[in-house]
Amino acid sequence: MPKLTVNGIEVEVEDGATVLHACEEAGVEIPRFCYHDRLSIAGNCRMCLVDMERAPKPIASCAMPAGEGMVIRTDTDRVTKAREGVMEFLLINHPLDCPICDQGGECDLQDQAMGYGFDSSRYEENKRAVEDKHMGPLISTTMTRCIHCTRCVRFATEVAGVPELGAIGRGESMEITTYLEKTLASELSANVIDLCPVGALTSKPYAFTARPWELTKTESVDVMDAVGSNIRVDSRGAQVLRVLPRLNEDINEEWISDKTRYAIDGLRRQRLDKPFIRGRDGKLAPASWDDALGTVAARLKKAKPAAMAAITGDQCDAESMFALKRLFDKLGSGNIDCRQDGAALGGARAGYLFNSTIAGIDEADALLVIGSNPRIEAAVLNARIRRNWLATRLPVAVIGPQMDLTYDAETLGDDPAILADILSGKAKFAAKLKRAKKPMIIIGMGALARPDGAAILGKAHEIADAYGVVAGDWNGFNVLHTAAARVAGLDLGLMPGRGQMDVAGMYKAAEAGKLDVVWLQAADEIDADRLKGAFVIYQGHHGDRGAHIADVILPGAAYTEKDGIYLNTEGRVQYAGRATFPPGEAREDWTIIRALAGRMGVNIGFDSLDELRAELFEIAPHFANQDEVKSARWAKFGGRGKISSTPVAAALDGFYMTCAVSRASETMGQCLTALRADRAQDAAE
């Protein structure tokens, strides 16, 4: 580990560190535009110049490896003058757009021009102008502002895995562009907006909407997938205006998916803001809370416990699921299920967690993916797999349909019989699993949400045992969920016991006229038509599939409108904060259940959120440990039944519209339209 001196302070840095890292270790701020911790070094903005002893001219600290005995100065007159000169060059062609630029108030160029720039310019020639580029419905371009830091190019190529951005021309004629003037085809594309240090790339849906100092900033958690990306929700009044990533090295680092960032306009559309009751004419009509709760209470009192059931949705918070389960327990019914898709999960906790943790992907040296498309189901997690592949050429094999994962993957086919071939060692990828010191299996809902899902899960368990996927302190057996609420629901026991109905049983009972009441708690990913034979209570926030068949609608709160606990796919406990209040007469979900219980004269044990959480923590103590993962003991799970020959299919049809919020989003609709148009153009060519 080299030791060097920075402004008279001796520091020691790791091998491979740069002079810039050494300066930061010494507490010295170094300005930069092109350098970014998670991207390769470009060294082309020259803003990070420092003096090095015996060097004839200032050096770029981001590109110079730190060496033993170096003497660095960052406060000399030569460094100050050099930085002023670089800033003057950067501003030669940069337009004076600050009053109308969406980057204003959050612009690195503004900040560093104030801190390190010169107070005047000697450039009197006309500024150059660059035509704006088309990058799709999410990214607004004003390329005249571009300073050619190439952060966006490096992100698209290295992190997103879609090398569609680059530079054309040289010198003053250089321009950053998409090669074919098409939408940037990545689920992570809008991260280039955060990376851009100037106003060249800004948010198209957010354009000219607000200034950063007008917004209330709330730390929260994303529920568009099961990764649990840490986000910041920026709101003004009752409206959520934007979502930005928060740094969390263990989960999403500093990236979020495009759906996480832009599905929020769906929070303003198709909202349920008052109770509804279906009349004798078959139409839903607005009602008072008193009438709606009275109708539900009467139905529940009339129904037999064996003839009532509940399904919880994919974005429910732990508190609302716990409250609903407590109510059904008090009513004597165990017909409750959190697995809308019928996934064969439950039992041993190791059988439904991402056991290695998301950060553990960095340690894997062989990966078998079964029935999952991480790029669609968990785009940020997929980027971490790509990073490992770039660094180590991680061997990856997939059992499922052909897919583009942004890294090389061997498609073994979609026949479930391949699992037996891997177990017996016949499959050629088996040798790579055998050689691996830390092999990993990722199994998704495409394999588990099938009639033979339990058998597939059991076969995957056998493969894990045979190839040392679980050994010592390494557990590489991972279930990748698509639902943000799934792990919390399973931990809380929202599953039917023996002799009680799961989702498939509820369908059959409703069709046979044996199900009197079914409660849908924001459950929209269901076969709604099969439940029409029952009296349907829908508690949710959007007029989606569940609301269309409902006999009573109880308007609830979306994820940005309540304090809630969520467990991501690895079982990490995370607390979401309320950014805005629910619209109209809508209420937080647990309060609706508490009010109904009071109406029915049922004591469910709590009257406030703190009391509810105290009850919750008593049953599941690990829910109290924020940002911690409770590891699971390796045990038996899965089944031993016959595996059918039905091909393993994808769990999701696409990326952009997978829930009630994203289906209501106009921006997600535009993304889907742009994607289809580009595919049609490619097919035509």
Side-chain angles (χ1 to χ4, degrees), residues 33-34 36 39-40 42 44-45 90-98 100-104 106-110 126-209 242 255-258 261-262 406 655-656 666-682 684-685:
F33 291 112
C34 68
H36 192 276
L39 303 176
S40 61
N44 54 8
C45 78
L90 289 173
L91 294 175
I92 277 176
N93 286 310
H94 196 81
L96 297 175
D97 282 350
C98 297
I100 61 163
C101 178
D102 269 329
Q103 197 83 348
E106 299 173 319
C107 179
D108 290 349
L109 189 62
Q110 277 185 330
N126 292 327
K127 292 178 180 285
R128 78 166 192 161
V130 180
E131 186 177 345
D132 294 341
K133 312 301 180 187
H134 171 71
M135 292 190 187
L138 303 180
I139 304 168
S140 177
T141 61
T142 310
M143 302 312 291
T144 301
R145 301 171 185 159
C146 180
I147 62 170
H148 302 153
C149 70
T150 68
R151 281 185 179 183
C152 56
V153 176
R154 285 174 283 147
F155 174 84
T157 303
E158 298 164 12
V159 179
V162 287
E164 298 176 4
L165 273 178
I168 58 173
R170 298 186 67 186
E172 194 179 58
S173 301
M174 179 178 170
E175 299 179 18
I176 303 293
T177 180
T178 53
Y179 294 120
L180 300 174
E181 286 287 321
K182 289 184 179 179
T183 300
L184 197 57
S186 170
E187 297 75 24
L188 300 169
S189 65
N191 287 289
V192 299
I193 295 167
D194 297 333
L195 288 172
C196 184
V198 296
L201 305 177
T202 54
S203 172
K204 190 175 284 187
Y206 177 71
F208 311 120
T209 299
R242 68 176 180 178
W255 318 123
I256 54 174
S257 74
D258 292 346
R261 190 185 299 263
Y262 286 120
T406 72
F655 171 74
Y656 293 105
E666 193 174 277
T667 305
M668 292 295 97
Q670 292 170 356
C671 289
L672 190 58
T673 301
L675 179 65
R676 288 171 176 169
D678 284 348
R679 285 177 177 172
Q681 184 178 339
D682 290 342
E685 292 173 351

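No experiment lies behind these values; they were computed from the predicted model shown. Numbering starts at 1 and runs along the sequence shown.
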Does the [X] side chain pair with the main chain of [Y], one donor and one acceptor, at a distance under 3.5 Å?
X    : Y    : result
K182 : M135 : no
D258 : A190 : yes
N191 : I256 : yes
Q103 : C196 : yes
K204 : G136 : yes

What residues form a salt bridge (charged side-chain N to carboxylate O under 4.0 Å, His left out) with [X], not counting sequence neighbours?
X    : value
D102 : none
R145 : D97
R151 : none

**Prompt:** Between T183 and P137, is any pair of side-chain heavy atoms under 4.5 Å apart?
**Reply:**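 Side chain of T183 against side chain of P137, heavy atoms only: contact under 4.5 Å found.
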**Request:** Report yes if some heavy atom in the side chain of C45 is under 4.5 Å from a heavy atom in the side chain of I147; otherwise report no.
**Result:**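 Contact flag for C45/I147 side chains = no.
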**Request:** Under the ring pair (Phe, Tyr, Trp, His ring centres under 6.0 Å) rule, collect the residues that match up with F33, sequence neighbours excluded.
**Result:**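 Expected list: none.
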**Prompt:** Quick one: ring pair (Phe, Tyr, Trp, His ring centres under 6.0 Å) pairs with a partner in residues 180-207, sequence neighbours left out?
**Reply:**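 Matches after skipping sequence neighbours: none remain.
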Please find the pair of heavy atoms, one from [X] and one from [Y], that lie closest to each other, and give the distance.
X    : Y    : answer
C149 : C34  : O-CB, 3.5 Å
L195 : F155 : CD1-CB, 3.4 Å
T144 : V130 : OG1-N, 3.1 Å
T142 : D132 : CA-OD1, 3.2 Å
V198 : C146 : CG2-CA, 4.4 Å
S189 : I139 : O-CD1, 3.8 Å

Set of side-chain hydrogen bond (donor to acceptor under 3.5 Å, both in side chains) partners for [X], sequence neighbours left out:
X    : value
H36  : E254
T178 : none
Y656 : none
D194 : R261

Show me the side-chain donor-acceptor pairs of residues 159-177 shorter than 3.5 Å, one per line, residues at least two apart or across chains.
| residue | atom | partner | partner atom | Å |
| --- | --- | --- | --- | --- |
| E164 | OE1 | A185 | N | 3.2 |
| E175 | OE1 | K133 | NZ | 2.4 |
| T177 | OG1 | E181 | OE2 | 3.3 |

**Request:** Could you name each residue pair satisfying side chain to side chain donor-acceptor pair (under 3.5 Å) that touches residues 153-162, not counting sequence neighbours?
**Result:**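 For residues 153-162, and leaving out neighbouring residues, the side chain to side chain donor-acceptor pair (under 3.5 Å) pairs sorted by first residue read S40-E158, T150-R154.
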Table please: side-chain donor-acceptor pairs of residues 670-677 below 3.5 Å, with sequence neighbours left out.
| residue | atom | partner | partner atom | Å |
| --- | --- | --- | --- | --- |
| T673 | OG1 | G669 | O | 2.9 |

**Request:** Can you measure from NE2 (H94) to CD (Q110) and round to the nearest 0.5 angstrom?
**Result:**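 Separation between the atoms: 8.0 Å.
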